[in-house]
Amino acid sequence: MPEGHTIHRAAREQRRLLRGDAMRASSPQGRFAAGAALVDGATLRDVEAYGKHLFYRFGDGHLVHVHLGLFGRFRLHRAPVPEPRGAVRLRLVGERGGLDLLGPAACAVVDADERAALLARLGPDPLRADADPGAFTSRVRRSPAPVGALLMDQAVIAGVGNVFRAEALYACRIHPGRTGRDVSAEEADALWATVAGMLADGVRRGRIVTTANGRPWSRIPRGERTYVYGRETCLACGTPVQRFDLRGRMAYSCPRCQPR
DNA sequence: AAGAATGTTATGTA
DNA sequence: CTACATAACATTCT
């Protein structure tokens with residue numbers, strides 16, 4: 001579930017919930033790291049998203065860092081909010097409803113310095129107005145690493161995961177194994193714009209569909225929502241999709257649409 | 001019911 | 001020092 005768009009969408013929904021509804025925190029499992037007691041019952045003031053990271057600011061001054069990792073998800077409830085089911089690490093409840101955070105890789109109270117250190121490690125996030133595309137382009141073009149690895153490197157660009165890596169490179173006709181150095185400035189710019197568009201689309205839809213062309217995603221059969229990601233053959237041309245391990249994650253590409 | 005899956009980080013090795 | 005591989009950790013679904 002978690003790529004950058006998921007995080008921004010969650011932040012947006014949660015901000016919307018916040019409006020006119022005081023959300024109070026609790027940690028049903030009592031596994032809420034060191035600051036549990038301090039945050040329990042605190043009122044949520046704001047939710048910030050950066051790349052795949054979320055920061056919750058509470059009225060009592062506490063800041064909670066959340067990272068969904070591979071398995072983390074949010075469950076939204078309308079009031080009355082049911083008993084917690086599963087490993088609920090953080091629960092936020094208001095008058096109209098609430099939400100549970102399950103299985104996150106990180107859910108901990110942090111201070112301003114820790115937040116700053118976390119953000120300092122991240123590259124520009126295309127979903128943020130303050131993002132600098134030039135930083136991405138120059139970093140890519142200086143690197144001898146495969147562009148497929150660079151796209152997943154959160155220090156190079158924040159928010160891209162395995163699906164967007166595969167689909168953005170496909171859309172730009174760039175083979176994931178090409179080195180950053182080998183990517184032209186035009187290609188790098190196009191890659192940024194493509195990722196930005198795909199992430200924004202993901203926020204709007206709440207899912208990743210790179211083949212929709214404006215059609216409702218629900219009318220697109222499962223397995224036809226990406227061109228190469230998770231597929232045996234390229235959706236566009238039918239050529240068998242190449243799969244290979246890139247820095248421990250499976251990369252996908254069409255040898256015909258994305259020649260070396 | 002084993003295994004895969006939209007991640008990150010720490011650590012070991014070349 | 002850097003790059004890369006590996007393991008560990010989180011949970012749900014098929």
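- Taking atom NE2 on A:His67 and atom C1' on C:dT11, their separation rounds to 15 Å, with Å as the unit.
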Close N or O pairs between protein and nucleotides 9-12 of chain B (under 3.5 Å):
from: B:dT9; atom 1: OP1; to: A:Arg121; atom 2: NH2; distance (Å): 2.4

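- If you take CD1 of A:Ile7 and P of B:dG7, they are 10 Å apart, rounded to a whole angstrom.
- More than 12 heavy atoms of other shown residues, nucleotides or ligands fall within 6.0 angstrom of atom CZ in A:Arg231.
- Residue pairs meeting the salt bridge (charged side-chain N to carboxylate O under 4.0 Å, His left out) criterion with at least one member in residues 108-125 of chain A, sequence neighbours excluded: A:Glu48-A:Arg115.
- Using bins of under 30°, 30° to 60° and over 60° for the plane-to-plane angle, the ring pair A:Trp192/A:Phe136 lands in the tilted bin.
- For the P atoms, the distance linking C:dC9 with B:dA1 amounts to 24 Å, nearest Å.
- A salt bridge is defined here as a Lys NZ or Arg NE, NH1 or NH2 lying under 4.0 Å from an Asp or Glu carboxylate O, and A:Arg24 with A:Glu95 fails to meet this definition.
- Within the model, atoms CZ of A:Arg142 and CG of A:Leu150 stand 11.0 Å from one another, a figure rounded to the nearest 0.5 Å.
- A:Ile157 is listed as a side-chain neighbour of A:Leu151, based on a closest heavy-atom distance under 4.5 Å.
- The CD1 atom of A:Ile157 sits 17 Å away from the C1' atom of B:dT8 (whole-angstrom rounding).
- Across the protein-nucleic acid pair, A:Leu54 atom CG and B:dT8 atom P stand 13 Å apart, rounded to whole Å.
- The number of heavy-atom neighbours closer than 6.0 Å to CZ of A:Arg256, taken from other residues, nucleotides and ligands shown, is 12 or below.
- Here the C1' atom of nucleotide B:dA5 and the CD1 atom of A:Ile208 are 12 Å apart, to the nearest Å.
- Relative ring orientation between A:His5 and A:Phe164 is described as perpendicular, the plane-to-plane angle rising above 60° on a 0-90° scale split at 30° and 60°.
- Pairing partner, B:dT13: C:dA3, with both Watson-Crick or wobble hydrogen-bond distances short of 3.5 Å.
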For nucleotides 4-7 of chain C, print each protein N/O atom paired with a nucleotide N/O atom at under 3.5 Å, atom names and distance only.
from: C:dC4; atom 1: OP2; to: A:Arg247; atom 2: NH1; distance (Å): 3.0
from: C:dC4; atom 1: OP2; to: A:Arg247; atom 2: NH2; distance (Å): 3.1

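- The CZ atom of A:Arg249 sits 14 Å away from the P atom of B:dA4 (whole-angstrom rounding).
- Here the P atom of nucleotide B:dA5 and the CG atom of A:Leu68 are 19 Å apart, to the nearest Å.
- Summarising the geometry, the separation between CG on A:Leu122 and P on B:dG7 is reported as 14 Å, rounded to the nearest angstrom.
- Phosphate contact (OP1/OP2 of C:dT12, side-chain N/O of A:Arg73, threshold under 4.0 Å): absent.
- Classification of the A:Tyr56-A:Phe58 ring pair by plane angle, with boundaries at 30° and 60°, yields parallel.
- Note on A:Gln154: a side-chain N or O is less than 4.0 Å away from OP1 or OP2 of B:dT8.
- Minimum atom distance to the side chain of A:Phe71 is reached by B:dA5, of the listed B:dG7, B:dA5, C:dT12.
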